[in-house]
Amino acid sequence: MEKQPMYEGKAKRVYKTDVDGELLVYFKDDATAFNGEKKGTIESKGVLNNKISTFFFNLLSEHGIPHHFISMPSPREMLVKSLEILPVEVVVRNIAAGSLAKRIGWEEGTKLPQTVLEMYYKNDDLGDPLINNYHIKMMGLATEEQVKIMEEYALKINEVLTNYLKTKKLELIDFKLEFGVHKGEVLLGDEISPDTCRFWDSETGEKMDKDRFRRDLGNVEEAYKEVLYRLTGEKA
Ligand code: UDP
């Protein structure tokens, strides 16, 4: 009999384990965009995102960023520390794209004169609205100390990922992070993958991320595979 998930999200299912404080995340091939309005599947996406995220979590370990990743027991499964998710999505941007390009009227691809950090309220019913630190404090979504830690980690992660990806001829345009609390400590959670980041090929500018799905550009699976290959040398 299939084990019942404790929680099922758009791209992942979360299961309890026998160990207190540890959960099993199962990566699905389901893809959604525009707050669930567009639905589809990307073949092998679960495996690719699990492997890519595993690679990034290990890279972040080398740089002292605490995260929830423990191990990858199978190609679609990730063992993680259980988190009480802070309902804030932290977005880091280096180059104008997506909603920022639209909001401020800058052409997509414009290099930002400085890195931009944004906070969104994680709430599907409201469509994850953009908020600021005053809103976070007012709504009690996270403490000031937790916000400070999330900001500090997000900027450090940006530095680590940007520098690493450059060596693989990938430009880190922007990405989204989620954090949670485990035994009183703020840890990076969720995933780091082409679902949650924008990667452009450094030479051709080709999009190698979920925008291929969002914008019907084709070769979605191929792009995810290429990201895994450039990072790990593994041919999926
Ligand atoms: N992002 C995400 N989940 C979301 C919204 C955004 O992972 O619910 C990521 C997205 O892939 C991109 C970055 O956060 O790397 C910034 O996204 P943006 O605000 O431009 O929104 P979008 O154009 O994706 O709607």
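Counting starts at 1 for both ligands and their atoms, in listed order. The figures that follow rest on heavy atoms only: side chains count, while hydrogens, waters and symmetry mates do not.
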Do me a favour and list the nearest non-hydrogen protein atom to [atom] with residue, atom name and distance?
{"atom": "atom 11 (O) of ligand 1", "answer": "R214 NH2, 2.9 Å"}
{"atom": "atom 20 (O) of ligand 1", "answer": "S99 N, 2.8 Å"}
{"atom": "atom 8 (O) of ligand 1", "answer": "E89 OE1, 3.7 Å"}
{"atom": "atom 12 (C) of ligand 1", "answer": "D174 OD1, 3.1 Å"}

Going through the distances and angles, do N35 and D128 end up as a side chain to side chain donor-acceptor pair (under 3.5 Å)? CA-CA 8 Å; N35 201 28; D128 298 345; over 6 Å; no
Which residue in the set D190, D195, N50, N49 passes side chain to side chain donor-acceptor pair (under 3.5 Å) when paired with K12?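 Looking at D190, D195, N50, N49, the match for K12 under the side chain to side chain donor-acceptor pair (under 3.5 Å) is D190.
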Have a look at N133 and tell me which of E144, K148, E151 forms a side chain to side chain donor-acceptor pair (under 3.5 Å) with it. E151
Non-hydrogen atoms of [X] versus ligand 1: any pair closer than 4.0 Å?
{"X": "F34", "result": "no"}
{"X": "K102", "result": "no"}
{"X": "K210", "result": "no"}

Return the orientation label for the F69 and F57 ring planes: parallel under 30°, perpendicular over 60°, tilted otherwise. parallel
On a heavy-atom basis, I'd like to know which of R198, R215, K176 is closest to atom 16 (C) of ligand 1.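 It is R198 that holds the nearest heavy atom.
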Can we call the ring centroids of Y164 and F55 under 6.0 Å apart?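 Yes - the distance between ring centres of Y164 and F55 falls below the 6.0 Å cut-off.
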Is the charged tip of K45 near the ring of Y224: under 6.0 Å from the six-membered ring centre and within 45° of its axis? no
Atom 6 (C) of ligand 1 touched by protein (heavy atom, under 4.0 Å): no
Quick check on atom 25 (O) of ligand 1 - does any protein heavy atom sit closer than 4.0 Å to it? no
Considering the heavy atoms of G98, write down every atom of ligand 1 situated less than 4.0 Å from one of them.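 With G98 as reference, the close atoms of ligand 1 come out as 20 (O), 23 (O).
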Y120: numbered ligand 1 atoms lying under 4.0 Å from its heavy atoms: 19 (O)
Test salt bridge (charged side-chain N to carboxylate O under 4.0 Å, His left out) on R198 and D174; report intermediate values, then the result. CA-CA 5 Å; R198 285 192 169 95; D174 57 29; 2.8 Å; yes
Side chain, backbone, both or neither: which part of [X] comes within less than 4.0 Å of ligand 1 when only heavy atoms are counted?
{"X": "C197", "answer": "backbone"}
{"X": "E118", "answer": "neither"}
{"X": "R93", "answer": "side chain"}
{"X": "D195", "answer": "backbone"}

